[in-house]
Amino acid sequence: MKAAVVYYSRSGITKKIAEKIQAKFHADMIFVEPEKKYGSFPSAIIRVIREKKGKKAPAAKTPAADFSGYDTVFIGFPVWAATVPDFLQEYLRRADLAGKRVIPFATAGNNGREESLAALKALLPDSEITDYFYTSMTEKADADAWLEGIRA
Ligand SMILES: Cc1cc2nc3c(=O)[nH]c(=O)nc-3n(C[C@H](O)[C@H](O)[C@H](O)COP(=O)(O)O)c2cc1C
């Protein structure tokens, strides 16, 4: 497998899983940065609520990578407002992942499992989305066991 890990993590929980993937599959890491950093938990919440109400969706400042050399792309994110963070969705709209195996992994407080997967399917209709991993505070899943099950 030639893999990349496209991910965002504000407080480090998703990042830990990204690093496990990197270690296991020697994957290249692509951290997707929002145009403007999200700060503390309360300020991030307030901003995301405001963004959801506003007309202009937030964007990522990370340029889309050239994915032609990869067969597998992991996509990791914290669930925000029950789905994939909007700026990461903006990045994924610019990324050419057609024909790739896409393996999403999400971390959350307590919801957004199905909504996040549905958002990714809509964003990446030409990718093969498989092996989705979701863990939350209320429904903890084992990332090591998940990684064991992924075909190299
Ligand atoms: C702005 C914001 C919105 C969030 N919205 C949700 C949500 O809708 N549902 C949920 O289960 N968790 C939500 N969370 C919690 C995060 O998904 C969770 O803490 C995640 O594991 C953080 O990952 P990270 O450390 O990689 O940033 C939210 C957190 C933030 C900061």
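Any value given below was found using the heavy atoms of this structure, including those in side chains, with hydrogens, waters and symmetry copies removed. Note that the numbering runs from 1 along the sequence shown for the chain.
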Start with the C-alpha distance between E19 and K24, add both sets of side-chain angles, then the distance that settles salt bridge (Lys or Arg N to Asp or Glu O under 4.0 Å), and finish with yes or no.
CA-CA 9 Å; E19 287 169 348; K24 174 151 189 189; over 6 Å; no

Test item: side-chain donor near acceptor, T14 and T107, under 3.5 Å
yes

Decide yes or no for [X] and [Y]: does some side-chain heavy atom of the first lie under 4.5 Å from some side-chain heavy atom of the second?
{"X": "R151", "Y": "M1", "answer": "no"}
{"X": "F67", "Y": "D96", "answer": "no"}
{"X": "I103", "Y": "W146", "answer": "yes"}
{"X": "P104", "Y": "Y134", "answer": "no"}
{"X": "Y70", "Y": "D28", "answer": "yes"}
{"X": "I49", "Y": "K52", "answer": "no"}
{"X": "L92", "Y": "L97", "answer": "yes"}
{"X": "E128", "Y": "V102", "answer": "no"}

Kindly give the heavy-atom pair with the smallest separation between [X] and [Y], and that separation in Å.
{"X": "A65", "Y": "Y91", "result": "N-OH, 3.2 Å"}
{"X": "S127", "Y": "A98", "result": "OG-N, 4.2 Å"}
{"X": "L88", "Y": "G76", "result": "CD2-O, 4.0 Å"}
{"X": "G39", "Y": "A44", "result": "O-CB, 4.4 Å"}
{"X": "N111", "Y": "V79", "result": "O-CG1, 3.6 Å"}
{"X": "P58", "Y": "E51", "result": "CG-OE1, 3.4 Å"}

Is V48 reachable from I45 through a run of I, L, V, M, F, W or Y residues, each pair having side-chain heavy atoms under 4.5 Å apart?
no

Any chance you could measure [X], atom [atom1], to [Y], atom [atom2], to the nearest 0.5 Å?
{"X": "R101", "Y": "D131", "atom1": "CZ", "atom2": "CG", "answer": "6.5 Å"}
{"X": "Y38", "Y": "W80", "atom1": "OH", "atom2": "CH2", "answer": "5.0 Å"}
{"X": "K2", "Y": "T72", "atom1": "NZ", "atom2": "OG1", "answer": "10.5 Å"}
{"X": "I75", "Y": "Y7", "atom1": "CD1", "atom2": "OH", "answer": "14.5 Å"}
{"X": "S116", "Y": "K121", "atom1": "OG", "atom2": "NZ", "answer": "12.0 Å"}
{"X": "I150", "Y": "I21", "atom1": "CD1", "atom2": "CD1", "answer": "6.5 Å"}

Step by step, would you call K100 with D71 a salt bridge (Lys or Arg N to Asp or Glu O under 4.0 Å)?
CA-CA 5 Å; K100 306 290 174 195; D71 51 72; over 6 Å; no

As a quick check of understanding, evaluate side-chain contact (heavy atoms from CB on, under 4.5 Å) for F105 and V5, giving each step before the final call.
CA-CA 10 Å; F105 59 104; V5 183; 3.8 Å; yes

Could you go through F133 and L147, starting from their C-alpha distance and side-chain angles, then the distance that decides it, and tell me whether this counts as side-chain contact (heavy atoms from CB on, under 4.5 Å)?
CA-CA 9 Å; F133 178 79; L147 284 174; over 6 Å; no

Ignoring hydrogens and angles, tell me if any N or O in the side chain of [X] forms a donor-acceptor pair with the backbone of [Y] under 3.5 Å.
{"X": "R94", "Y": "A60", "answer": "yes"}
{"X": "S9", "Y": "K15", "answer": "yes"}
{"X": "Y132", "Y": "R113", "answer": "yes"}
{"X": "Q89", "Y": "V84", "answer": "yes"}

Would you sort out whether F87 and Y8 count as a ring-ring contact (aromatic ring centres under 6.0 Å, His included), showing the intermediate values?
CA-CA 10 Å; F87 74 88; Y8 171 71; 4.7 Å; yes

